[in-house]
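The model shown is predicted, which means the values in this text are computed figures rather than measured ones. Proteins come first, then strands; the chains are lettered A, B, ... in the order of their sequence lines, and each starts at number 1.
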There are 2 protein chains.
Amino acid sequence: MANTSSRTLRLLSLLQTHRYWPGTELADRLEVSVRTLRRDVDRLRELGYPVEAQRGAEGGYQLAAGAALPPLVVDDEEAVALAVGLRMAAQGSVAGIEESSVRALTKIVQVMPPRLRRRIEALRAATVPTVWGTGPTVDAGVLTAVAQACRDEERLRFSYKARGGELTDRHVEPHRLVSLGRRWYLVAYDLTRHDWRSFRLDRLDGPRSTAERFRPRELPAEDAAAFVRNGIDNIAAPHSFEAVVHAPAGTVRGLIGQWATVEEIDEGRCRLRMTSETLDWPAMALGVVGAEFEVIHPPELIGHLRDWATRFTRATGG
Amino acid sequence: MANTSSRTLRLLSLLQTHRYWPGTELADRLEVSVRTLRRDVDRLRELGYPVEAQRGAEGGYQLAAGAALPPLVVDDEEAVALAVGLRMAAQGSVAGIEESSVRALTKIVQVMPPRLRRRIEALRAATVPTVWGTGPTVDAGVLTAVAQACRDEERLRFSYKARGGELTDRHVEPHRLVSLGRRWYLVAYDLTRHDWRSFRLDRLDGPRSTAERFRPRELPAEDAAAFVRNGIDNIAAPHSFEAVVHAPAGTVRGLIGQWATVEEIDEGRCRLRMTSETLDWPAMALGVVGAEFEVIHPPELIGHLRDWATRFTRATGG
DNA sequence: TCGATAGCGGCCACTTTCTGACCTGAATGA
DNA sequence: TCATTCAGGTCAGAAAGTGGCCGCTATCGA
């Protein structure tokens, strides 16, 4: 614990936990002279982490935003928060970052002390559903196990429920994970069937990594996403949707600004746009808005709203 | 870039990105001899990061889970995923980790290159609403700015919309952030009013950190959360809600099982229970269910549903 | 305007460590 | 059995890291 590298790391972590540090205090904590501290700071700067300094009375050091992200030193609670957040992100709450979420999650989970893993597991129950829960969700454990096998080029065994419902045991060389339209797919070379297959992760159970490593084969497709896309017949194509709401843009934005874009038309009206895979979303949005509106597009939405309305009317004895 | 500390860090990051590494390859990448690599590995082990090794043919090194989390070396995309996930977590999708999410978020945002910040901003639009999305939400920028000021003990200025609606400028010594019932509060010492106050973050605008640091005062309360709890009169009491749905329990569970509890009554009917702060949620749930139902409780819900129904009917020209 | 504070960095002498080379040993799997 | 790969001791030379000293500069408050 007494050598330079570890001290430099500790310095980095100190700079991350608190913005300003007087040089003397840092030197004190690291148990070195101020001169050496300056040299340590120089070292960090040479490594590309921009440590800024204020001179004069009340001066000090601080870590600024640089070209690259420094290694993040997080404590236990923060690590749990990271993992939980990433898990949500990986489940597809935000379009476009699923893959990197899983990568980061795998990275963290791999080195995470067991006690923290247990804490995350305990928090699972507390998770409020993020996505409009139509559709099966993938267990985060399965997700990371498979992602890890892909990354580490380790053969994988699991049981798979095929479309018909029958369970089969599989032994594959995992190639890549693909997130497509709220579903996760594993593209892998099936060692029993001697061919490439794609597997839906929500139908995959009990993945266990064998220790066998393998040399990656070349996928006979442009990329993994294309391979999956070819294999599945129907991806739910997102509808785009548009309506005019008879309420000020500001009000509407306050109510549902997060799920839709709101453009002002005039003082009392605004245009609402959103895309969604189901018609439920626009219906909910228009319900929450609490104002009169007209549907511009698509026509199917009108039928859908009418269905809600008749059911609601019937249920309320109207 | 040629010295030991940076190499040790690079080794750590290599071990994080890929599970198995043959010693020779690692040595190659780090441009040192195998002997030195072994010494580097020893160094990591001394620092508490358990690097495991397999001997024999096909052997290699890997980083296992240890007592503490090593500094995380993440790439750009992963960093974005982290930030986005944490932001969701901070908005209260998971009970109990809001505070640590914000802490971690602050840490990351502070050192994050501007280009990544822009990417996160761009992703904001794509975010699916955090669940109980009907209340006012806190802007993530405000949240991190305030959190940073708390952490760094820097005075803060902002404008605040009081209950009446009038805007006032405030100058405070921020003490702590408290997340309570889906809302964020800042506990701070108001320098103009010479007293402790709590501020709702969603009413707080344009926080700017003055560079003035201060010595923390002692809060005249057990802790910050208690202080906030004393100050607010009405925590929105969640309504409990109940309905009978004319559809099989399994079907209903598949559709909205994540947000409500579903009990089977008989083959074709089930009982739906949930609690929510607003009446919008049950309405949405009943809409998504797509089946006939009766509201058991509470009576206000009936009026609410009727309102939706009439608006929908009018809008669809029925 | 001046003085106190605090970061900057050169210089030097001394100490520590790092490094590569070479070696033997031990575990592992074909 | 043998090849492979990690483990770790020893050695000498090279390369750092370290603390103490110095004068310098930026900043702030009196």
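OP1 or OP2 of dA7(D) sits under 4.0 Å from a side-chain N or O of Tyr61(B). Between Thr36(A) and dG19(D) there is a side-chain polar atom (N or O) within less than 4.0 angstrom of OP1 or OP2. For the pair Arg7(B) and dT19(C), the criterion of a side-chain N or O lying under 4.0 Å from OP1 or OP2 is met.
Taking 3.5 Å as the limit, the base of dG7(C) and the side chain of Arg35(A) contain no donor-acceptor pair of atoms between them. One cannot find a donor-acceptor pair under 3.5 Å joining the base of dG17(D) and the side-chain atoms of Arg43(A). For dG17(D), its base never sits under 3.5 Å from the side chain of Arg39(A) at any donor and acceptor pair.
Annotation: cation-pi geometry satisfied between Arg217(B) and Tyr189(B) (NZ/CZ under 6.0 angstrom from ring centroid, within 45° of ring axis).
The nucleotide whose nearest atom lies closest to any side-chain atom of Arg45(B) is, among dA7(D), dG9(C), dA16(D), dA7(D). Closest to the side chain of Asp40(B), from the set dC8(C), dA7(D), dT19(C), is dT19(C). Residue Ala53(A) has its side chain nearest to dC8(C) when only dA7(D), dC8(C), dC11(C) are considered. Nearest to the side chain of Thr4(A), among dT18(D), dG8(D), dG9(C), sits dT18(D).
Proximity of Gln16(A) to Gln110(B): side-chain heavy atoms (C-beta onward) are nowhere separated by under 4.5 Å. Looking at heavy atoms from C-beta onward, Leu63(B) lies out of side-chain contact with Leu44(B) at the 4.5 angstrom threshold. The shortest side-chain heavy-atom distance between Val172(A) and Phe199(A) falls under the 4.5 Å cut-off.
At the heavy-atom level, Val34(A) lies nowhere under 4.0 Å from the strands shown.
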